[in-house]
Amino acid sequence: VVYALKGHGESMVDPNLQEQLANQGYILKDLNLNTVEAIPEDCAVLLIYSPGEDISEDELAKIVTYGHNQGDVFLVTDYIKKDLPNLSRYTELFGLKQATGVVFEGDPNYCLSNYRHYLLPQIMEHEITIPLLIGGYDLVMPITQGIMQKADLQEGIQVNEVLSTSAKAYLKPDLDNMKSMEKEEN
């Protein structure tokens, strides 16, 4: 069972992802951590799909406990203007840091023409990306929040990069007040 976290204004799970999960034999169920003592034992993967609000400290503790018990978490984030400190604390436990702003691509081979904020990331070889690579698909990611790997990973933590921008990618911290799509100082 894949449990999709609910209660934080999460986006609807993409129908293509739902279909892929069903094709792999998974059942998708909603889970509100405020109504249970712990993540259910039959949880193969906890899906946190683009929350609009932060998780509580109690929910964070349940997710951390689940992870320490070899549970898998699939986290999808979107660019939002508010801080999610508890979710950020969770990702930092695993060597990841959410970037503040939207990723823009400076290499035209990694974005849609004239849309530097519509990324065409490099797809790395990993078991979850094999269907994309075999099918020769491009993945378009509009208005994307950056996720960076911290330099100092805790012992036992492994980060698998599955999508990557070019070295010319940059962040724009405030879409509402940007003057151009070009890279600017600071």
Side-chain angles (χ1 to χ4, degrees), residues 2 4-5 8-21 45-55 72-153 157-186:
V2 173
L5 187 65
H8 314 91
E10 288 86 358
S11 297
M12 184 181 95
V13 176
D14 184 272
N16 292 322
L17 178 56
Q18 291 182 39
E19 181 180 342
Q20 289 298 317
L21 290 171
V45 177
L46 177 64
L47 175 60
I48 304 174
Y49 200 84
S50 299
E53 300 291 333
D54 202 12
I55 58 176
D72 291 327
V73 176
F74 183 30
L75 172 63
V76 177
T77 61
D78 282 330
Y79 165 73
I80 59 174
K81 293 182 182 181
K82 63 176 73 172
D83 290 330
L84 305 177
N86 288 326
L87 192 59
S88 293
R89 283 179 38 212
Y90 175 73
T91 60
E92 288 182 14
L93 290 173
F94 297 97
L96 302 174
K97 181 168 177 39
Q98 295 166 298
T100 301
V102 174
V103 178
F104 279 68
E105 182 55 71
D107 184 332
N109 295 310
Y110 288 86
C111 62
L112 294 183
S113 179
N114 296 320
Y115 293 94
R116 293 181 182 215
H117 58 300
Y118 278 63
L119 307 180
L120 293 169
Q122 179 181 358
I123 302 171
M124 309 300 194
E125 189 169 326
H126 186 276
E127 65 183 289
I128 68 170
T129 61
I130 295 297
L132 296 171
L133 293 169
I134 289 174
Y137 292 103
D138 283 332
L139 184 61
V140 178
M141 298 181 67
I143 310 174
T144 303
Q145 177 186 29
I147 299 176
M148 300 172 290
Q149 181 176 331
K150 293 170 62 177
D152 56 333
L153 294 178
I157 299 295
Q158 177 182 344
V159 175
N160 296 308
E161 186 175 351
V162 293
L163 302 172
S164 181
T165 58
S166 78
K168 295 181 179 179
Y170 53 93
L171 286 171
K172 289 280 194 171
D174 186 357
L175 288 184
D176 293 334
N177 295 309
M178 70 179 199
K179 294 180 177 37
S180 78
M181 294 177 72
E182 301 299 319
K183 185 175 182 177
E184 301 170 82
E185 287 189 41
N186 301 323

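Every residue was checked against the ring pair (Phe, Tyr, Trp, His ring centres under 6.0 Å) condition with Y79, not counting sequence neighbours, and none meets it. Annotation: side-chain hydrogen bond (donor to acceptor under 3.5 Å, both in side chains) contacts of D152 (sequence neighbours excluded): none. Residues satisfying the side-chain contact (heavy atoms from CB on, under 4.5 Å) test with P85, not counting sequence neighbours, are D54, D83. In terms of the salt bridge (Lys or Arg N to Asp or Glu O under 4.0 Å) criterion, K179 has no residue partners (sequence neighbours excluded). Take L171 and apply the side-chain contact (heavy atoms from CB on, under 4.5 Å) test, not counting sequence neighbours, and it matches A99, V103. Qualifying side-chain hydrogen bond (donor to acceptor under 3.5 Å, both in side chains) partners for N86, counting only residues two or more places apart in sequence or in other chains: R89. Contacts of H117 classified as side-chain hydrogen bond (donor to acceptor under 3.5 Å, both in side chains), with partners at least two apart in sequence or in another chain: none. Under the side-chain hydrogen bond (donor to acceptor under 3.5 Å, both in side chains) criterion, Q18 pairs with no residue at all, not counting sequence neighbours.
Counting heavy atoms from C-beta outward, F94 and E92 have side chains that stay 4.5 Å or more apart. In this structure the side chain of E53 reaches within 4.5 angstrom of the side chain of K82, judged on heavy atoms. Side-chain contact between V76 and D14 is absent, with no heavy-atom pair separated by less than 4.5 Å. Proximity of F104 to M181: side-chain heavy atoms (C-beta onward) are separated by under 4.5 Å at one or more points. Between L75 and T91 the shortest side-chain heavy-atom distance falls below 4.5 Å. Between V140 and L119 the shortest side-chain heavy-atom distance does not fall below 4.5 Å.
The salt bridge (Lys or Arg N to Asp or Glu O under 4.0 Å) contacts involving residues 106-117 comprise R116-E182, where partners must be two or more places apart or lie in separate chains.
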Give every donor-acceptor pair under 3.5 Å between a side-chain atom in residues 162-169 and any protein atom, sequence neighbours left out.
unit_1, atom_1, unit_2, atom_2, d
S164, OG, E161, OE2, 2.9
S166, OG, E105, OE2, 2.3
S166, OG, K168, N, 3.0

Would you list the atom pairs, donor with acceptor, under 3.5 Å between side chains in residues 141-151 and any protein atom, with sequence neighbours excluded?
unit_1, atom_1, unit_2, atom_2, d
T144, OG1, M141, O, 2.9
Q145, OE1, T77, OG1, 2.8

Donor-acceptor pairs under 3.5 Å, side chain of residues 125-136 to any protein atom, not counting sequence neighbours: which ones?
unit_1, atom_1, unit_2, atom_2, d
H126, ND1, I128, N, 3.2
T129, OG1, M124, O, 2.5
T129, OG1, H126, N, 3.0
T129, OG1, H126, O, 3.0

field: C111/Y118 under side-chain contact (heavy atoms from CB on, under 4.5 Å): CA gap, chis, key distance, verdict
entry: CA-CA 6 Å; C111 62; Y118 278 63; 5.7 Å; no
- prompt: Run the side-chain contact (heavy atoms from CB on, under 4.5 Å) check on V159 and L153 step by step: do they pass?
  reply: CA-CA 9 Å; V159 175; L153 294 178; 4.0 Å; yes
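Of all the heavy atoms in D78 and S50, the pair that sits closest is OD2-OG, 3.0 Å. In terms of heavy-atom proximity, L17 sits nearest to F74 at CD2-CE2, 4.2 Å.
In Y170, the OH atom is crowded: over 12 heavy atoms of neighbouring residues, nucleotides or ligands sit closer than 6.0 Å.
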